[in-house]
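Source: prediction; values computed, not measured. We use all heavy atoms of the structure for the numbers below, so side chains are in, but hydrogens, waters and symmetry mates are not.
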Amino acid sequence: MPELPEVEVTRRGLLEPLSGRTICRITWSGHRLRTEIPRQLLAEHIAGQQIRTIDRRAKYLLLRMAGNATLLIHLGMTGKLGVMAEATARHKHDHLVLLLDNGMELRFNDSRRFGAIAVWPAEHALACEREFSGKEGLEPFGDQFTPKNLLRLARNRQVAVKSLLMNARLIAGIGNIYANELLFAARIHPLTPAGRLSARQWQRIIAEARQVLQTAIEAGGSTIADFLGASGHPGYFQLQFKVYGRKGLPCLECGRPLIKTSQAGRATYHCPLCQPTPRP
DNA sequence: CAATATACCTGGATGC
DNA sequence: TGCATCCAGGTATATT
């Protein structure tokens, strides 16, 4: 389940095998993803281009071409990127395959097809970048991720703090797993109305968000997957979650059984003692 | 406008 | 064993 750490681990894993490579041929499965795969734009603006570097914004990977075009990739729920020899057998759900100039292929595999592919032609690079970035929320490691800005975003809002943290238009990269984990780390109940949090509590959320995300990145992301970097070692290792998926198990801090609820249609975990219900 | 519900997908787990 | 049902969650869109 790729959230910010998994996307960042993927970015770092792909940097070495892809930088400087030229894309020789592009093939696709014929299936659409969350959006239609822009075959025409891929053929016109990405095929034949050399990959300069890879950036990340929110949960998106941005493959920057030497000619200034950009290939945007979103992993959705089940998307995986891998680099392997052209001769390696294709897998079911390999939806986009980029043949590189060294005989390797970058393959995008996505069983549920919640992922997305977009192309920014070089001549529209600035406008596309601005429009895209304007729709995405604050980066948790960015200098705009401050108590002041979060107080402003949450002002007069009744929405639960967990929902606000997961709102990609407001805050980038935090999905259901890390929202649960960081709220436990900050000792804040997921249902707390966002507008009621103090600057001090937001400061705590910011600090714990960065800590949890950074730890996950260093652990290699939290999803067990078959992504292999060029080095050949597995890209992901399971993170030891403190609350996510631990319904009924003892809280690692106080021993109380953890509680699972459903909030806005999402599995939500918290400790009844460490994260007390906000008073009405 | 704010908040919630639903659609998009497949595969794995569970129930009968 | 087979078949139905539910659940997982990122994001866009619809509804209340």
Side-chain angles (χ1 to χ4, degrees), chain A residues 1-11 28-38 56-62 72-81 90-96 107-118 131-140 150-183 190-197 209 213 216 221-226 236 238-239 241 243-248 260-269 278:
Chain A
M1 298 140 196
E3 301 184 27
L4 187 152
E6 291 77 17
V7 177
E8 179 61 23
V9 167
T10 301
R11 186 188 74 82
W28 51 85
S29 64
H31 283 98
R32 58 171 285 147
L33 303 177
R34 173 158 53 84
T35 56
E36 208 64 52
I37 292 179
R56 178 192 60 78
R57 171 78 172 97
K59 294 168 189 162
Y60 291 83
L61 289 170
L62 294 86
L72 207 74
I73 301 176
H74 191 283
L75 299 175
M77 269 297 301
T78 50
K80 302 179 230 340
L81 287 166
R90 296 273 177 93
H91 285 91
K92 193 179 178 184
H93 308 305
D94 279 346
H95 292 301
L96 189 70
R107 297 182 184 174
F108 178 74
N109 183 286
D110 184 8
S111 61
R112 290 177 68 179
R113 291 192 268 135
F114 279 14
I117 303 285
E131 192 199 343
F132 164 74
S133 210
K135 287 192 213 163
E136 300 301 319
L138 301 174
E139 284 290 335
L150 291 170
L151 270 176
R152 180 175 52 78
L153 290 179
R155 206 159 69 101
N156 295 329
R157 295 191 60 178
Q158 296 298 307
V159 69
V161 59
K162 177 165 176 266
S163 296
L164 185 134
L165 290 171
M166 289 174 64
N167 184 338
R169 288 183 162 262
L170 303 179
I171 298 168
I174 296 176
N176 197 42
I177 290 175
Y178 294 103
N180 277 300
E181 291 296 317
L182 81 89
L183 284 171
L191 283 177
T192 309
R196 207 191 291 178
L197 294 170
L213 295 171
S222 62
T223 305
I224 294 174
D226 58 358
Y236 298 146
Q238 185 75 33
L239 180 77
F241 296 134
V243 290
Y244 185 84
R246 301 194 67 244
K247 174 188 175 185
K260 178 184 181 184
T261 57
S262 178
Q263 182 199 326
R266 297 280 182 255
T268 301
Y269 299 86

To the nearest angstrom, the CZ-P distance between A:R56 and C:dG10 comes to 15 Å
Self-check item: Beyond-backbone contact of A:F132 with A:Y60, side-chain heavy atoms, under 4.5 angstrom
Solution: yes
Which of C:dA8, C:dT11, B:dG11 is nearest the side chain of A:A267? It is C:dA8
| query | Hey, is the main chain of A:R34 close enough, under 3.5 Å, to the side chain of A:R32 for a donor-acceptor pair? | reply | yes
The single option from A:R266, A:Q263, A:K162, A:E3 that satisfies side-chain hydrogen bond (donor to acceptor under 3.5 Å, both in side chains) with A:N176 is A:K162
Contact class for A:K247 (heavy atom, under 4.0 Å): base, sugar-phosphate, or nothing?
-> nothing
**Request:** Can you tell me, in whole Å, how much space there is between the P of C:dC3 and that of B:dC9?
**Result:** 24 Å
- Query: When you compare B:dA7 with C:dT5, how far apart are their P atoms, in angstrom units rounded to a whole number?
  - Reply: 16 Å
Would you find a donor on one side and an acceptor on the other, under 3.5 Å apart, between the side chain of A:R196 and the backbone of A:P278? no
Between CZ of A:R57 and C1' of C:dG10 the distance, given in whole Å, is 16 Å
DNA chain B nearest-nucleotide lookup for A:H93 and A:A160: closer to the 5′ end is A:A160
Picking from C:dG10, B:dA3, B:dT10, the nucleotide nearest the side-chain atoms of A:S111 would be B:dT10
By nearest-nucleotide position on DNA chain C, the 5'-leaning member of A:E136 and A:K260 is A:K260
One should read off an interatomic distance between A:L4 CG and A:I177 CD1, to the nearest 0.5 angstrom, of 13.0 Å
Please work out if A:R113 contacts a base, only the sugar-phosphate, or nothing of the nucleic acid, heavy-atom cut-off 4.0 Å.
sugar-phosphate
Note: for A:G265 and A:H74 on DNA chain C, the residue whose nearest nucleotide lies more 5' is A:G265
Using the P atom in both, what is the distance from B:dC1 to C:dT11, to the nearest Å? 22 Å
When rounded to whole Å, the OH to C1' distance for the pair A:Y60 and C:dT11 reads 7 Å
Original post:
Counting any heavy atom closer than 4.0 Å, what does A:A168 reach on the DNA or RNA strands: base, sugar-phosphate only, or nothing?
Top reply: sugar-phosphate
Looking only at C:dG10, B:dA3, B:dC9, the nucleotide nearest the A:E3 side chain is C:dG10
Ring-base stacking, A:F114 with C:dT11 (5.5 Å, 30° cut-offs): no
Whole-Å distance, A:I174 CD1 to C:dG10 C1', equals 14 Å
Whole-Å distance, A:L33 CG to C:dG10 P, equals 17 Å
### Query
At under 4.0 Å between heavy atoms, what does A:K135 touch on the DNA or RNA strands: base, sugar-phosphate, or nothing?
nothing
Atom CE of A:M166 and atom P of B:dA3 are separated, to the nearest Å, by 15 Å
Rounded to whole Å, the CG-P distance (A:N176 to C:dC7) equals 14 Å
Next item on the list: Report yes if a side-chain nitrogen or oxygen of A:K92 is closer than 4.0 Å to either non-bridging phosphate oxygen (OP1 or OP2) of B:dT10; otherwise report no.
Entry: no
Next on the checklist: Any base atoms under 4.0 Å from A:A116, or only sugar-phosphate, or nothing? Heavy atoms, all strands.
Outcome noted: nothing
Practice problem: Using distance alone, with no hydrogens and no angle criterion, decide if A:N109 and A:K92 have a side-chain donor and acceptor under 3.5 Å apart. | Solution: no
Between OH of A:Y269 and C1' of C:dC7 the distance, given in whole Å, is 10 Å
Against the side chain of A:R32, the closest entry in B:dC9, B:dA3, C:dG10 is B:dC9
